[in-house]
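These notes concern the structure reproduced below.
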Amino acid sequence: MVNNFVQDLVQNLIKRHSDKKIGAEALQNSIKNAISIEMLINNLAEVLRLSKNQIEKDLQDFGFKELIDQFNLSKSIELGNQKNNKSDFRICNNTNFLNPFPELFKVSSCPNFLDTIAIDDKHTEILSSLFETVSKTFPNDPFIPMYREDVISYYTDFINNVAPVITKTIKSYFGSTYPKYMVTTGIGANEQFTHFVASCNNNADNPKLKWLIIDSPKSLSLLPNDATIDNTLFVEFSRSSLTEETVKIHEYTPREAKRIVFSNTGPLRQLAERDQNLILELPDQVSGRFGRNKTPILLAPMFIAGLDVEGYWKHIDSAIRAFDITNTQSLPFILAKYILLYQTLSSKNLIYLGCNDDNLGLLSDEFIQFWNEGVNKGGNDLLISRFFGLPRDSHMNVEGLLGNSMTKMAIFLLRTNMRGYTTHPLVSSIIDPINSEHKGLHFGDEEVVLAYANYKRFSELLPSILIEIPVKPSLEHSAILGQLFADTTFIYSRLKGIDPGSNPEVKSVRERSASLLAKVASKIRENEDIPINEAIID
């Protein structure tokens, strides 16, 4: 039972938006997850002149138990407190779900997922209740259908209804030929999933075209010298149309450039209408950074590039089936619990993401964007950073990270077989060592070993998760690990009572950009030689 205020609000929303066919429980969960429990407790205690403990009890009685648990968990778990009775708490009780795709990757950790942790009895009860209660809300959580349900149906609808329009437009642009280059523009969620896939496309033996990602106007200088209006297709993404980087890329390129523009309203759409480009829309209800599965931001350029989109979406579907997020023993739930528990035990404020492969690093950036935009808000301070990549990080960042290990965690995404690189004629594939103990190493082995040396030391000093990739990263890895990253972020956000789809600070910066550009442009018109920094500050 929830209080009358929430009930009344839910019923009014259902009446006003009856066409949405959203259930009362889903709306209740959405409202409750938006409430700051700490502020609510403090305000009610002040107004009612009651203790905070009494207010907590009242809120629990009125249906806010899981949010009270989150609040208590975040402020009070401590390890090694000898004053209270201890219980053995275990994050993972069943290894059957830990590695559902063993041929693609293997997940382990130190401390081990199966290790018991001595925690105060009170907090053991809070944890158990929190995990079970939150998982039971998922069948009615309004966020989940936006990125997890009916992904094959979405793919089929795109292939049947959108793909033919794209194909017809490309034919009208290029006739019997095909574009040599596809330039996708967009920033944030609109480029989040494309970098790894574009790299796979460009490194293939005979790609249908070369896929270039331009996320800022200055990157236009990187266009190949032979790119022309007649051999280049621009595919532009901005749902709000207010993203100035994307708008400016369009404005700095010729009006007659061949384009497909995905935009719903605003300046980018106006540009596309002015230039008579093909305009297609993005679904408003799907959060951008969770939009891979059920929007065109990855599907459309993959289709244009001639990649195996059917196989990719089937892999996404298989991952969704393997990662049952209603099960607290599923892999993404275990990862979310592990991060939350060790964050709370030692007030962690940074997760270092170690990676030893450039292409794999592009894939890990998806997780970084999910996490840093999705869950670092509302006072939750746990950033993820990939820094420069291994083994270089050993000489740039490791001292600072391990020297402050009490407030750090780590996730290592490591390719475990790096042999097979094409070497220069001056480079031997077999080592000629001065140290006879190193005899037998092949070119590429050192990249694996040196990365593991970092993991070994990290795992001795701080909680570390290891994801091992035994083969060359592929589109299948992208589809499945991308889903794992999304699910882990979503589950963690719900355990912390955070909305993973909002980005108020990004929106604030974006909205300021247009007015600031207008101000600077006005100053330049008045004085062509004025330095940009002076035009901004004045």
May I ask you to check whether [X] and [Y] show a side-chain donor-acceptor distance below 3.5 Å?
X: Glu447; Y: Tyr452; answer: no
X: Asn356; Y: Tyr455; answer: no
X: Tyr312; Y: Ser478; answer: yes

Between side-chain atoms of residues 330-338 and protein atoms elsewhere (two or more places apart, or another chain), which donor-acceptor pairs fall under 3.5 Å?
from   : atom 1 : to     : atom 2 : distance (Å)
Ser330 : OG     : Asp324 : O      : 3.0
Ser330 : OG     : Asn327 : O      : 2.9
Lys337 : NZ     : Ile91  : O      : 2.8
Lys337 : NZ     : Thr328 : O      : 2.9
Tyr338 : OH     : Cys110 : O      : 3.3
Tyr338 : OH     : Pro111 : O      : 3.0

Partner set under salt bridge (Lys or Arg N to Asp or Glu O under 4.0 Å) for Glu149, not counting sequence neighbours: none

Inter- and intrachain pairs under salt bridge (charged side-chain N to carboxylate O under 4.0 Å, His left out), touching residues 384-393, at least two apart: Asp365-Arg386

Side-chain ([X]) to main-chain ([Y]) donor-acceptor, under 3.5 angstrom:
X: Asn454; Y: Leu450; value: yes
X: Arg415; Y: Asp357; value: no
X: Asp487; Y: Leu484; value: no
X: Asn293; Y: Val151; value: no
X: Ser346; Y: Gln343; value: no
X: Lys106; Y: Leu466; value: no
X: Lys377; Y: Ser502; value: yes
X: Asp308; Y: Gly311; value: yes
X: Gln483; Y: Ile320; value: no
X: Lys294; Y: Phe290; value: no

Atom [atom1] of [X] and atom [atom2] of [Y]: how far apart are they, to the nearest 0.5 Å?
X: Met302; Y: Ile297; atom1: CE; atom2: CD1; result: 12.5 Å
X: Ser385; Y: Leu353; atom1: OG; atom2: CG; result: 8.5 Å
X: Lys408; Y: Ile351; atom1: NZ; atom2: CD1; result: 11.5 Å
X: Thr253; Y: Leu271; atom1: OG1; atom2: CG; result: 9.0 Å
X: Ser474; Y: Asn359; atom1: OG; atom2: CG; result: 11.5 Å
X: Glu191; Y: Leu298; atom1: CD; atom2: CG; result: 12.5 Å

Lys210 atom NZ, neighbour heavy-atom count above 12 within 6.0 Å: no

Heavy atoms of other groups near Asp358 CG, more than 12 under 6.0 Å: no

Considering all heavy atoms, the nearest Leu282-Pro296 contact: CD2-CD, 3.4 Å

Answer whether the closest heavy-atom distance between the side chains of [X] and [Y] falls below 4.5 Å.
X: Gln192; Y: Phe370; value: yes
X: Val235; Y: Thr185; value: no
X: Ile411; Y: Ser464; value: no
X: Tyr342; Y: Ile117; value: yes
X: Val197; Y: Leu362; value: no
X: Leu350; Y: Ile384; value: no
X: Val183; Y: Trp211; value: no

Step-by-step side chain to side chain contact (heavy atoms under 4.5 Å, CB included) determination, Ile260 to Leu233: CA-CA 8 Å; Ile260 298 174; Leu233 174 68; 4.3 Å; yes

For [X], give me all partners under side chain to side chain donor-acceptor pair (under 3.5 Å), at least two apart in sequence or on another chain.
X: Gln369; value: none
X: Asn203; value: Ser199
X: Lys456; value: none
X: Glu236; value: His250, Arg259

Near-ring test Phe262/Phe237, centroid separation under 6.0 angstrom: yes

Check: Phe138 ring centre within less than 6.0 Å of Phe490 ring centre: yes

Pairs satisfying ring-ring contact (aromatic ring centres under 6.0 Å, His included), at least one member in residues 458-481, at least two apart: Tyr352-Phe458, Phe412-Phe458

Test side chain to side chain contact (heavy atoms under 4.5 Å, CB included) applied to Ile119 and Leu127, step by step: CA-CA 10 Å; Ile119 299 179; Leu127 282 169; 3.8 Å; yes

Output side-chain donor-acceptor pairs under 3.5 Å for residues 97-105, partner residues at least two apart or in another chain, one line each.
from  : atom 1 : to     : atom 2 : distance (Å)
Asn99 : OD1    : Val107 : N      : 2.5

Residues forming a ring-ring contact (aromatic ring centres under 6.0 Å, His included) with Trp371, sequence neighbours excluded: Phe367, Tyr492

Side chain to side chain contact (heavy atoms under 4.5 Å, CB included) involving Glu281 - partner list, sequence neighbours excluded: Asn264, Arg269

Side chain to side chain contact (heavy atoms under 4.5 Å, CB included) partners for Glu244, two or more places apart: Val247, Lys248, Ser513, Ala514, Leu517

salt_bridge(Arg494, Asp141) N-O dist < 4.0 Å: yes

Glu366 and Leu363: CA distance, side-chain angles, deciding distance, side chain to side chain contact (heavy atoms under 4.5 Å, CB included) verdict: CA-CA 6 Å; Glu366 293 181 22; Leu363 183 56; 3.5 Å; yes

Test side chain to side chain contact (heavy atoms under 4.5 Å, CB included) applied to Ile532 and Val520, step by step: CA-CA 7 Å; Ile532 294 295; Val520 171; 3.8 Å; yes

